[in-house]
Structures are given as structure tokens and as C-alpha cells.
> 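Dropping the structure in here first, questions after.
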There are 2 protein chains.
Amino acid sequence: MALEKMARVDQRQSLTVVEIAKRAGCSIATVSRVLNRPETVAIGLRGRILRIVDELGYVPNGSARALRSSRSRLIGLIVPTLDSAIFTRMLEGLESRLAPAGASLVYSATGYDLDREIRVVRNLIEKGVDGIVLVGTCHRKETLKLLREHKVRFAVTYALSEDDSIPSMGFDNRSGGALAANYLADLGHKNLAVIAGVTRENDRASGRLEGFLAMAERRGIDRSSIVVVESPYEFSRGRAAAKIILDQNRHVSAIFCGSDVLAVGALHGCKDAGLRVPQDISMIGFDNLDIAEYLTPGLTTVDVPARVMGEQAANYFLADRNSLDIYSRVELETRLIVRESTAPARDRQ
Amino acid sequence: MALEKMARVDQRQSLTVVEIAKRAGCSIATVSRVLNRPETVAIGLRGRILRIVDELGYVPNGSARALRSSRSRLIGLIVPTLDSAIFTRMLEGLESRLAPAGASLVYSATGYDLDREIRVVRNLIEKGVDGIVLVGTCHRKETLKLLREHKVRFAVTYALSEDDSIPSMGFDNRSGGALAANYLADLGHKNLAVIAGVTRENDRASGRLEGFLAMAERRGIDRSSIVVVESPYEFSRGRAAAKIILDQNRHVSAIFCGSDVLAVGALHGCKDAGLRVPQDISMIGFDNLDIAEYLTPGLTTVDVPARVMGEQAANYFLADRNSLDIYSRVELETRLIVRESTAPARDRQ
DNA sequence: TCGATTTATGAAAAGGTTTACATCGAGAAC
DNA sequence: GTTCTCGATGTAAACCTTTTCATAAATCGA
């Protein structure tokens with residue numbers, strides 16, 4: 001009797017495919033087949049096994065599964081940070097597609113540090129992820145080397161890779177910046193300023209800035225006349241940057257911000273300086289965060305298809321080897337969303 | 001020669017502990033030891049092995065490791081959504097502590113659906129996570145059963161569990177609501193309204209509402225006089241809710257919102273109705289999102305220690321069995337952050 | 001110097017699954 | 001009726017670690 005009890009305890013300890021097979025009177029191979037490709041098992045036996053699985057509450061051991069099949073159903077997501085809601089939107093897009101397929105998302109942050117990115121990638125590879133989503137095209141050689149040597153599927157988002165061998169689902173940051181410059185030029189603004197993100201080792205921030213400057217020039221605005229300040233994507237930094245710009249250049253009539261977060265801060269910076277938006281100064285953001293619409297004034301901004309990027313990336317990782325090419329490059333568009341923070345330039349001294 | 005080449009290809013295919021051992025002239029056990037408890041291996045041999053590991057770029061196979069040691073270094077995070085930045089803050093807190101310990105975060109969303117939560121939990125257990133972070137105290141029995149049967153460490157956040165056997169790191173939502181009611185009473189407001197989150201199967205939303213109503217009553221405001229509207233946490237819903245409230249009750253002088261997201265919307269709803277905040281109507285939010293400070297007017301709100309909850313949860317999951325109790329319950333405080341969206345009640349007809 | 005204790009290393013099993021290959025039976029083709 | 005195919009199932013190896021136990025060497029106390 002004591003023995004029986006112990007046996008029962010033993011069973012409880014871990015419920016494996018062996019126990020299921022025993023109860024169903026079949027081999028463990030068949031149980032495995034039912035779990036993975038049910039159509040290959042005769043309907044009767046299949047039903048019996050499924051019922052037992054359900055009754056006993058059997059949950060397969062993912063580690064064993066991953067070890068043997070070398071597929072973990074884990075997708076790594078590496079972003080600079082989630083502080084700014086823009087990456088969150090991509091994450092939600094990814095997860096929404098991954099979850100129904102039984103895949104999960106492993107999240108890691110780099111804090112905009114490319115060296116840290118290397119370590120993060122290594123860690124994710126160690127965890128056995130089937131794929132990794134990266135942000136931007138600028139990465140350390142070692143990062144790519146790791147990815148390639150370990151044959152981990154990966155893709156780049158929030159930008160389009162020039163390298164054809166690197167799958168990317170994103171948009172052209174330069175065009176986005178150009179959109180803003182073009183619109184400001186249309187409104188007759190001639191004295192421009194930019195609060196860019198930190199452009200060092202950040203292709204998105206530098207792309208937006210470069211695109212803005214190039215288009216401004218094309219529209220007849222002297223590039224060197226444009227005041228550029230870089231700052232990290234934080235409300236307070238945007239505010240401070242606006243202050244710096246306005247202190248030094250009272251005649252600036254429009255500011256383009258590399259992100260909506262910066263723009264929110266800059267809006268306050270203008271207020272601090274006693275300037276009204278858009279009457280005295282126009283403001284354009286980038287990202288089109290949900291909040292942009294609910295600011296006062298509503299923020300004119302460049303919309304970024306963040307959620308779609310996530311969904312498309314999911315498609316890519318879920319695709320089987322053959323149809324990989326179909327999903328390996330997705331070019332999306334930015335569009336200008338005009339709200340109340342921009343107005344025609346007033347003649348000012 | 002052809003054979004040699006093939007052998008080399010074979011090696012490339014997957015670099016394991018065996019190869020490291022071969023090159024170091026030791027057993028695989030020793031390699032494993034160097035990787036896991038380096039201090040148990042003689043310094044010389046250890047160095048040699050480490051160098052080889054580095055040279056060859058060996059990365060341990062996490063699945064095999066997890067299978068054998070039954071620890072995956074994966075922590076699951078299950079939240080309703082990341083749309084609202086409040087959960088993002090916790091996520092960042094969690095990740096910031098987990099990453100240095102070599103652990104990673106697996107993210108899953110439930111969309112406020114407790115049945116979906118069951119499936120998500122099962123999926124995470126299957127992935128072999130070492131622990132699971134849950135939001136709130138309200139869960140299906142089956143969810144807890146799964147967690148217990150599979151002996152997965154778990155904790156509840158954003159609330160305090162009444163059940164002592166359930167670890168929680170959170171705060172009392174009722175007190176938070178009470179804080180708001182108390183302050184509005186202090187300001188002399190008598191005609192109150194609440195835009196609560198959807199309270200069904202949501203202990204946080206209902207706790208905040210209940211705490212608010214109870215405190216209002218204590219402060220001499222008739223509970224039944226308070227207008228309550230429930231809506232999902234979306235800007236547009238907050239706006240619509242405010243409209244409903246103001247249409248039906250022009251004499252309402254203060255609105256408490258169950259989240260800052262609702263408050264942002266409600267702020268707009270007031271503007272739509274031609275009311276000025278705080279001169280005509282006061283507004284209090286909940287969460288103290290970063291944006292709250294940057295709204296116009298700055299939003300008075302109840303601060304939630306989201307990041308700290310994440311950090312504390314990480315501590316709990318990182319703790320070893322013995323010191324588990326120390327971390328298993330962390331009671332945090334909410335505090336009222338007063339900004340410009342609240343003002344003393346004016347006498348109005 | 002000798003036995004006792006500790007330290008460093010190795011051999012081999014175990015962890016739970018997937019999958020290549022073998023087997024068996026039944027129906028199809030001739 | 002015999003051979004072939006095909007579908008359903010079983011057997012056993014393989015995936016790559018960690019870890020227990022054993023062994024050998026080194027240290028220590030007396």
C-alpha cells in the first residue's frame with residue numbers, strides 16, 4: 001500500500017508522453033504524432049489519445065520538444081526601449097499574429113546601445129529562439145555574424161535595408177522627414193528648426209533628419225540656416241531642446257521633431273517661451289502616437305505603420321522555408337497627418 | 001581528403017560541449033562546470049576552456065540546458081494589453097532586473113479576457129517558463145490550477161492578494177480611489193462623476209471605483225448621487241463617456257477617471273462641451289503616466305508604482321527557494337500627484 | 001609518514017521529445 | 001493469387017546538457 005502511494009507520487013512528478021502512451025495502449029511515437037500532425041493517425045486512436053491528454057491535463061515539455069526538433073516557437077524582439085509607445089505598437093502587432101500560431105515573444109531592450117545588442121542577441125540565441133526582430137539597419141558586425149553563424153532567421157524593422165540579404169519590413173525614414181519639410185515649405189515656412197533624435201548609430205534618427213534637410217534644400221531653404229538640435233526621446237529633453245532653439249533663434253517659425261515624444265516636450269517648450277502653437281510657431285512630430293490626436297493643439301505628425309510592421313514581421317517568421325522570399329521585404333509608407341499644430345507662416349521680423 | 005572535408009562540415013553543423021571538451025582535452029562535465037559554476041574548476045583548465053569557448057563562439061543550447069536542469073531562465077509576463085503605457089512601465093522594470101541575471105521575458109497579452117488567459121498560461125507552461133507574472137487578483141480557477149499543478153512560480157501585480165498563498169507585489173486599488181475622492185472632497189466638490197474602467201472581472205477597476213465611492217460617502221457625499229460610467233481604456237471612450245456625463249448632468253463639478261488614458265479623453269470631452277478644466281470642472285486620473293505632466297492642463301492623478309512592481313516581481317522570481325518568503329509580498333503605496341486639472345469647487349447652480 | 005579529508009576531474013545516466021527506419025496489414029493492380 | 005503500394009503504427013536513436021557517483025590526486029593533522 002505504501003508502495004502504491006509512492007508510485008502514484010512518482011507519476012504525478014512529471015506526466016510525460018510515456019504515461020499517455022501507456023494509457024492509450026500505443027507507442028509514444030503515436031502520441032507525438034497526434035500532438036504534431038494529427039491527420040497522420042487513425043481517427044479512433046487519435047480521439048482516444050486526445051481524450052486522455054485532456055483528462056490528465058498533459059502539457060508537452062517545450063524544452064524537450066525544442067531540443068529534439070530545434071524549433072522553440074519563440075521569437076525574440078529586440079528594441080531600444082519600450083518607453084516610447086511606438087515600439088509597443090509593433091510589439092502588439094507581432095504578438096497578435098504570433099499567439100494564434102502558438103508562438104511566443106521574448107522581449108529584450110538595448111537602451112540604444114549596440115554593444116548591449118550583441119549580448120542580447122547571444123542570449124536570445126542561447127534561449128533557442130526561432131527568429132529575431134531587430135530595429136533599424138545599423139548594427140555591429142558581430143551581431144550579424146552571430147545571427148548568421150547560428151542560422152537564426154532575423155529581420156529588420158522601422159527601416160528598409162539596403163542590403164538585399166537582410167529581410168526588412170519597414171519604411172523609408174528619409175521620405176518621412178521629407179514629408180514634413182515639404183509640408184512646412186508649402187505653408188511658407190522659411191526659418192526652420194529640427195529637434196532630431198540622437199543620430200549617432202541610429203539610422204532612423206539620422207534618416208529622418210537627412211530627409212528633412214534634403215527636402216528643405218530642394219524647396220529652396222538654405223540647409224545651413226536650419227537649426228538642428230539632437231536629444232534623446234524624452235518629454236523633458238524635447239522641452240529643453242525647444243528652449244535652446246527659441247533662445248537662440250527667436251525668428252524660427254516651425255520645428256520638426258524626430259518623434260512625437262520630443263514634440264510633446266517641444267510644445268511645452270514653446271509655451272514656456274510664451275509662443276502659441278500654431279499661431280506663432282508650427283510643430284510637426286513623427287510616429288503618430290495615439291496621444292498625438294489628443295494633445296492641445298492636436299499634433300501634425302508623420303504616421304508610421306508600426307503595428308503593420310509587427311504583423312508583417314510575424315508573417316515572415318511564421319512562413320515556412322519555401323515561401324520565405326514572399327515575406328522577406330515589405331515596404332510600407334509614411335503619411336503626413338495634418339492636425340492643428342501647423343499653420344501657414346506669418347510674416348515676422 | 002573528401003572525408004576530411006565532410007568531417008569539418010559536420011563540426012560546423014553544431015558546436016557542442018563535446019567539441020569544446022575535445023579541444024581542451026577534458027571531459028564534457030568539466031566544460032559544463034566551467035559554464036555554470038566556474039569556481040569549482042582549477043584556474044588553469046578553466047581559463048583554457050573559456051578561451052576555446054570564446055574563440056569558437058560557442059553558445060550553449062538553452063533547450064538542452066532547460067530540459068536537463070528544468071530551469072529555462074524564461075519568465076512569462078501576462079498582461080491585458082500594452083496599449084496603455086502603464087503595463088509597459090512594469091515590463092521595463094521587470095526586464096531591467098531580469099536581463100542582468102541572464103533571464104528573459106516572454107510577453108503575452110490577454111485582451112482582458114480571462115478565458116484567453118488560461119490558454120496563455122498553458123502555452124507559457126509548455127514553453128517551460130520558470131515563473132509567470134499576472135495582473136490583478138481575479139483569475140479563473142483553472143488558471144491557478146494549472147499554475148499549481150505544474151509547480152510554476154507565479155505572482156500577482158497591480159493589486160494585493162487577499163489569499164496569503166498567492167504572492168503579490170502591488171498596491172491597494174481602493175486606497176487609490178479613496179485618495180482621489182478625499183482630495184475632491186477637500187476641494188469642496190459635491191457633484192461627482194466617475195469614468196471607471198470596465199469593472200466586470202477586473203479587480204483593479206472595481207477596486208478603484210469602490211474605494212472612490214466609499215470615501216466619498218465617508219466625506220458626506222451621497223453615494224447614489226455620483227454618476228458612474230464604465231468604459232474601456234481608450235482615449236475615444238473617455239471622451240465619449242465625458243460627453244454622456246455632461247449631457248445628463250450639467251452640474252457635475254469633478255470627474256474621477258479610472259486611468260489616465262480615460263482622463264485624456266475626458267479632458268477633450270469637457271472641451272467639446274465648452275467647459276474649462278479646472279475652472280469649470282476638475283479632473284483626476286489614475287496611473288500617473290509620463291504624459292500626464294505634459295497635458296494641458298497638467299493632469300492631477302494617482303501615481304502607481306508600476307516600475308517598482310516589475311522590479312519587485314523580478315526579485316521574487318530571481319530569488320532562490322529559501323529566501324522566497326522575503327519577496328513574496330510587497331505592499332506599495334499610491335500617492336496623489338496634484339497638477340493643474342483640479343481646483344476648488346465653485347458654487348454653481 | 002600514514003590515514004583521513006578535501007578537491008579536481010571523468011564516466012555515464014537522465015531529462016522528454018521527435019523522427020528515421022522498420023514492420024505489418026490491407027487494398028490495388030495485374 | 002501474387003506482388004506492390006500505401007497507410008498506420010512501433011522501435012530505437014538522437015538532440016545537448018546537467019548532475020550523480022566514482023576515482024584520483026592533493027592536502028592535512030597527527
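Values in this document were obtained by computation on a predicted structure and should not be read as measured data. For the numbers below, each heavy atom of this structure counts, side chains included, while hydrogens, waters and symmetry mates do not. Numbered from 1 within each chain, the chains take letters A, B, ... in sequence-line order.
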> Does a side chain donor of either B/Ser165 or B/Arg148 reach within less than 3.5 Å of an acceptor in the other side chain?
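B/Arg148 and B/Ser165 do have a side-chain donor-acceptor pair below 3.5 Å.
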
> Other residues, nucleotides and ligands only: do more than 12 of their heavy atoms fall within 6.0 Å of CD on A/Glu39?
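Enclosed: over 12 neighbouring heavy atoms sit under 6.0 Å from CD of A/Glu39.
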
> Can you find a side-chain donor-acceptor pair between B/Glu92 and A/Tyr107 that sits under 3.5 Å?
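Yes, because at least one side-chain N or O of B/Glu92 sits under 3.5 Å from a partner of the opposite role on A/Tyr107.
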
> Pairing donors with acceptors under 3.5 angstrom, does anything connect the side chains of B/Ser161 and B/Asp163?
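Per modelled atom types, B/Ser161 and B/Asp163 side chains form no pair under 3.5 Å.
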
> Under a plain distance cut-off of 3.5 Å, with no hydrogens placed, do B/Asn123 and A/Ser104 share a side-chain donor-acceptor pair?
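Judged by distance alone, the side chains do pair up.
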
> A/Glu39 has an atom CD; how far is it from atom P of D/dG7, in whole Å?
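Between P of D/dG7 and CD of A/Glu39: 12 Å.
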
> Centre-to-centre under 6.0 Å for A/Phe87 and A/Tyr158, is that the case here?
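Aromatic pair counts; centres sit under 6.0 Å.
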
> Please identify the 5'-most and 3'-most nucleotides of DNA chain C with any atom under 4.0 angstrom from a heavy atom of chain A.
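Span of nucleotides near chain A: C/dG16 to C/dT19.
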
> Using a distance-only test with no angle check, is there a side-chain donor-acceptor pair under 3.5 angstrom linking A/Thr40 and A/Arg46?
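Side chains of A/Thr40 and A/Arg46: no pair found under 3.5 Å.
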
> After noting the C-alpha distance and the side-chain angles of B/Arg65 and A/Glu126, does the key distance pass the salt bridge (charged side-chain N to carboxylate O under 4.0 Å, His left out) rule?
CA-CA 10 Å; B/Arg65 176 177 279 194; A/Glu126 185 169 335; 3.0 Å; yes

> Which parts of nucleotides 11-17 of chain D does protein reach within less than 4.0 Å, heavy atoms only, written one letter per nucleotide 5' to 3' as B for base, S for sugar-phosphate only and - for none?
B-BBBBB

